[in-house]
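Encoded as C-alpha coordinates, the structure appears first; notes follow it.
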Amino acid sequence: QVVLVESGGGLVPAGGSLRLSCATSGLAFNLYGLGWFRQAPGKEREFVAAISWSGGTAYYTQSVKDRFVIRRVNANNTVYLQMNNLKPEDTAVYYCAAEYQQMVLSNKPDYWGQGTQVTVSS
(Lines give C-alpha, C1' and ligand atoms only; values in the text may rest on other atoms or scores of the structure.)
Protein backbone atom coordinates (compact mmCIF):
# COMPACT_ATOMS: atom_id res chain seq x y z
CA GLN A 1 0.00 0.00 0.00
CA VAL A 2 1.34 3.40 -1.00
CA VAL A 3 1.15 6.10 1.66
CA LEU A 4 2.24 9.74 1.51
CA VAL A 5 2.19 11.65 4.79
CA GLU A 6 2.76 15.39 4.95
CA SER A 7 3.91 17.25 8.03
CA GLY A 8 5.35 20.60 9.01
CA GLY A 9 2.41 22.88 8.41
CA GLY A 10 1.30 25.47 10.91
CA LEU A 11 0.65 29.13 11.62
CA VAL A 12 3.42 31.58 10.78
CA PRO A 13 3.56 35.39 10.42
CA ALA A 14 4.17 36.97 7.06
CA GLY A 15 7.85 36.86 6.20
CA GLY A 16 8.39 33.67 8.15
CA SER A 17 9.48 30.22 7.03
CA LEU A 18 8.23 26.66 7.19
CA ARG A 19 9.56 23.37 5.94
CA LEU A 20 7.05 20.80 4.81
CA SER A 21 7.95 17.13 4.69
CA CYS A 22 6.31 14.29 2.82
CA ALA A 23 7.31 10.84 3.97
CA THR A 24 6.43 8.06 1.58
CA SER A 25 6.15 4.32 1.87
CA GLY A 26 5.13 1.47 -0.40
CA LEU A 27 6.58 2.81 -3.63
CA ALA A 28 9.91 2.67 -5.45
CA PHE A 29 10.74 6.20 -4.39
CA ASN A 30 13.61 6.82 -6.79
CA LEU A 31 11.36 6.03 -9.78
CA TYR A 32 8.73 8.65 -8.95
CA GLY A 33 8.52 12.29 -9.72
CA LEU A 34 7.28 14.22 -6.69
CA GLY A 35 5.42 17.44 -6.30
CA TRP A 36 3.59 19.84 -4.05
CA PHE A 37 0.19 21.35 -4.72
CA ARG A 38 -1.98 23.62 -2.63
CA GLN A 39 -5.63 24.46 -2.27
CA ALA A 40 -6.93 27.63 -0.68
CA PRO A 41 -10.53 27.93 0.55
CA GLY A 42 -12.91 28.36 -2.36
CA LYS A 43 -10.20 27.79 -4.94
CA GLU A 44 -9.06 24.90 -7.08
CA ARG A 45 -6.00 22.88 -6.21
CA GLU A 46 -2.95 24.39 -7.90
CA PHE A 47 0.57 23.32 -8.73
CA VAL A 48 3.37 24.67 -6.52
CA ALA A 49 6.58 22.75 -7.22
CA ALA A 50 7.83 19.50 -8.71
CA ILE A 51 11.07 17.56 -8.79
CA SER A 52 12.12 14.80 -11.14
CA TRP A 53 12.81 11.26 -9.97
CA SER A 54 16.52 11.89 -10.40
CA GLY A 55 16.33 15.13 -8.47
CA GLY A 56 18.07 16.94 -11.29
CA THR A 57 15.14 19.02 -12.48
CA ALA A 58 12.73 21.18 -10.53
CA TYR A 59 9.85 23.42 -11.58
CA TYR A 60 8.01 26.08 -9.60
CA THR A 61 4.92 28.11 -10.14
CA GLN A 62 5.86 31.72 -10.76
CA SER A 63 4.43 33.05 -7.50
CA VAL A 64 6.81 30.96 -5.36
CA LYS A 65 10.00 31.14 -7.42
CA ASP A 66 12.93 32.46 -5.38
CA ARG A 67 11.00 31.78 -2.15
CA PHE A 68 10.32 28.02 -2.14
CA VAL A 69 12.74 25.14 -2.70
CA ILE A 70 11.77 21.52 -3.35
CA ARG A 71 14.25 18.83 -2.43
CA ARG A 72 14.18 15.06 -2.24
CA VAL A 73 16.23 12.69 -0.12
CA ASN A 74 16.03 9.26 -1.68
CA ALA A 75 17.78 7.65 1.28
CA ASN A 76 14.77 8.33 3.52
CA ASN A 77 12.00 8.36 0.89
CA THR A 78 11.07 11.92 1.71
CA VAL A 79 10.45 15.09 -0.26
CA TYR A 80 10.64 18.53 1.32
CA LEU A 81 9.35 21.97 0.52
CA GLN A 82 11.28 24.79 2.14
CA MET A 83 9.08 27.89 2.15
CA ASN A 84 10.68 31.25 2.90
CA ASN A 85 9.33 34.79 3.00
CA LEU A 86 5.81 33.47 3.33
CA LYS A 87 2.91 35.68 2.35
CA PRO A 88 -0.76 35.59 3.41
CA GLU A 89 -1.66 34.44 -0.11
CA ASP A 90 0.37 31.27 0.51
CA THR A 91 -2.28 30.18 3.01
CA ALA A 92 -3.68 26.84 1.87
CA VAL A 93 -3.71 23.12 2.45
CA TYR A 94 -0.53 21.74 0.92
CA TYR A 95 -0.56 18.31 -0.69
CA CYS A 96 2.25 16.03 -1.67
CA ALA A 97 1.94 14.01 -4.89
CA ALA A 98 3.82 11.25 -6.68
CA GLU A 99 3.80 10.11 -10.30
CA TYR A 100 5.68 7.21 -11.83
CA GLN A 101 8.61 8.41 -13.96
CA GLN A 102 6.93 11.72 -14.72
CA MET A 103 7.18 15.23 -13.40
CA VAL A 104 4.11 15.90 -11.29
CA LEU A 105 2.81 18.91 -13.16
CA SER A 106 -0.88 18.12 -13.40
CA ASN A 107 -3.69 17.50 -10.94
CA LYS A 108 -3.77 13.80 -11.78
CA PRO A 109 -0.79 12.15 -10.14
CA ASP A 110 -0.71 8.51 -9.23
CA TYR A 111 -0.84 9.23 -5.51
CA TRP A 112 -1.82 12.06 -3.14
CA GLY A 113 -1.09 12.73 0.48
CA GLN A 114 -3.75 13.86 2.92
CA GLY A 115 -2.54 17.45 3.14
CA THR A 116 -1.15 19.79 5.78
CA GLN A 117 -2.51 23.24 6.62
CA VAL A 118 -0.30 26.29 6.20
CA THR A 119 -1.64 29.59 7.51
CA VAL A 120 0.26 32.84 7.07
CA SER A 121 -0.95 35.77 9.15
CA SER A 122 -0.61 39.35 7.96
Side-chain angles (χ1 to χ4, degrees):
Q1 181 182 3
V2 176
V3 179
L4 282 64
V5 179
E6 301 95 333
S7 61
L11 174 64
V12 62
S17 297
L18 283 174
R19 188 181 77 161
L20 304 183
S21 301
C22 174
T24 74
S25 61
L27 52 73
F29 187 79
N30 62 340
L31 295 181
Y32 279 78
L34 301 163
W36 289 93
F37 290 70
R38 65 187 179 187
Q39 188 167 19
K43 295 188 176 181
E44 293 187 354
R45 191 172 300 189
E46 65 172 358
F47 168 78
V48 176
I51 190 166
S52 63
W53 56 98
S54 69
T57 302
Y59 291 121
Y60 300 90
T61 192
Q62 184 64 37
S63 63
V64 309
K65 280 183 179 178
D66 301 323
R67 298 190 298 123
F68 290 12
V69 178
I70 187 170
R71 183 173 70 95
R72 64 186 296 155
V73 178
N74 287 357
N76 61 14
N77 296 338
T78 301
V79 60
Y80 302 94
L81 185 68
Q82 177 66 43
M83 306 187 295
N84 300 320
N85 190 22
L86 283 159
K87 304 176 180 181
E89 51 264 41
D90 294 318
T91 295
V93 177
Y94 283 70
Y95 297 91
C96 174
E99 189 163 346
Y100 182 68
Q101 292 192 330
Q102 297 286 337
M103 294 289 288
V104 189
L105 301 177
S106 75
N107 267 332
K108 297 181 178 180
D110 295 330
Y111 302 104
W112 287 109
Q114 85 290 347
T116 185
Q117 176 70 47
V118 171
T119 303
V120 184
S121 61
S122 57

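Both backbone and side-chain heavy atoms feed into the values below; hydrogens, waters and symmetry mates do not. Values in this document were obtained by computation on a predicted structure and should not be read as measured data. In what follows, residues are counted from 1 in the order of the sequence shown.
- Residues passing the side-chain hydrogen bond (donor to acceptor under 3.5 Å, both in side chains) test with Asn107: none are found, sequence neighbours excluded.
- The disulfide (SG to SG under 2.5 Å) pairs that include a residue from residues 39-92 number zero, where partners must be two or more places apart or lie in different chains.
- Linking ILVMFWY residues whenever their side-chain heavy atoms come closer than 4.5 Å, directly or via other members, places Leu27 and Leu31 in the same cluster.
- When each of Leu81, Val79, Leu4 is tested with Leu34 by the rule side-chain contact (heavy atoms from CB on, under 4.5 Å), just one qualifies, namely Val79.
- Using a 4.5 Å cut-off between side-chain heavy atoms of Ile, Leu, Val, Met, Phe, Trp and Tyr, with links allowed through other members, Tyr111 and Trp53 fall into different hydrophobic clusters.
- Val73 belongs to a hydrophobic cluster whose remaining members, ordered by chain and number, are Tyr80; membership requires side-chain heavy atoms of ILVMFWY residues under 4.5 Å apart, directly or through intermediates.
- Sorted by first and then second residue, the pairs that involve residues 9-106 and meet disulfide (SG to SG under 2.5 Å), not counting sequence neighbours, are Cys22-Cys96.
- Annotation: the span from Lys87 atom NZ to Ser122 atom OG amounts to 14.0 Å, rounded to 0.5 Å.
- Shown here are the side chain to side chain contact (heavy atoms under 4.5 Å, CB included) partners of Ala14, two or more places apart in sequence or in another chain: Pro88, Val120.
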Listing, residues 64-72 side-chain donor-acceptor contacts under 3.5 Å, not counting sequence neighbours, or none:
| unit_1 | atom_1 | unit_2 | atom_2 | d |
| --- | --- | --- | --- | --- |
| Arg67 | NE | Ser63 | O | 3.4 |
| Arg67 | NH1 | Asn85 | O | 3.0 |
| Arg67 | NH1 | Asp90 | OD2 | 2.8 |
| Arg67 | NH2 | Ser63 | O | 2.9 |
| Arg67 | NH2 | Asp90 | OD1 | 3.0 |
| Arg67 | NH2 | Asp90 | OD2 | 3.4 |
| Arg72 | NE | Asn74 | OD1 | 2.8 |
| Arg72 | NH1 | Tyr32 | O | 2.7 |
| Arg72 | NH1 | Ser52 | O | 2.8 |
| Arg72 | NH2 | Phe29 | O | 2.7 |
| Arg72 | NH2 | Tyr32 | O | 3.2 |
| Arg72 | NH2 | Asn74 | OD1 | 3.4 |

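- Every residue two or more places apart in sequence or in another chain that forms a side chain to side chain contact (heavy atoms under 4.5 Å, CB included) with Thr119 is listed here: Leu11, Thr91, Gln117.
- Lys43 pairs by the side chain to side chain contact (heavy atoms under 4.5 Å, CB included) definition with Ala40, not counting sequence neighbours.
- In the displayed structure, Glu44 atom CD is contacted under 6.0 Å by at most 12 heavy atoms of other residues, nucleotides or ligands.
- Listed by chain and residue number, nothing satisfies the salt bridge (Lys or Arg N to Asp or Glu O under 4.0 Å) test with Arg19 (two or more places apart in sequence, or in another chain).
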Worksheet item: Step by step, would you call Val118 with Leu18 a side chain to side chain contact (heavy atoms under 4.5 Å, CB included)?
Response: CA-CA 9 Å; Val118 171; Leu18 283 174; 3.9 Å; yes

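- At a cut-off of 3.5 Å, with distance as the only test, a side-chain donor of Asn84 or Ser17 sits close to an acceptor on the other residue.
- The salt bridge (Lys or Arg N to Asp or Glu O under 4.0 Å) test applied to Glu46 returns Arg38, not counting sequence neighbours.
- With side-chain heavy atoms closer than 4.5 Å counting as contact, directly or through intermediates, the hydrophobic cluster containing Tyr95 also holds Phe37, Phe47, Tyr59, Val93, Met103, Val104, Leu105, Trp112.
- A distance of 8.5 Å separates OG1 in Thr57 from CD1 in Ile51, rounded to the nearest 0.5 Å.
- In this structure, Val3 belongs to a hydrophobic cluster whose other members, linked by side-chain heavy atoms under 4.5 Å apart, are Val5.
- Of the residues Gln39, Met83, Glu6, the one that meets the side-chain contact (heavy atoms from CB on, under 4.5 Å) test with Tyr94 is Met83.
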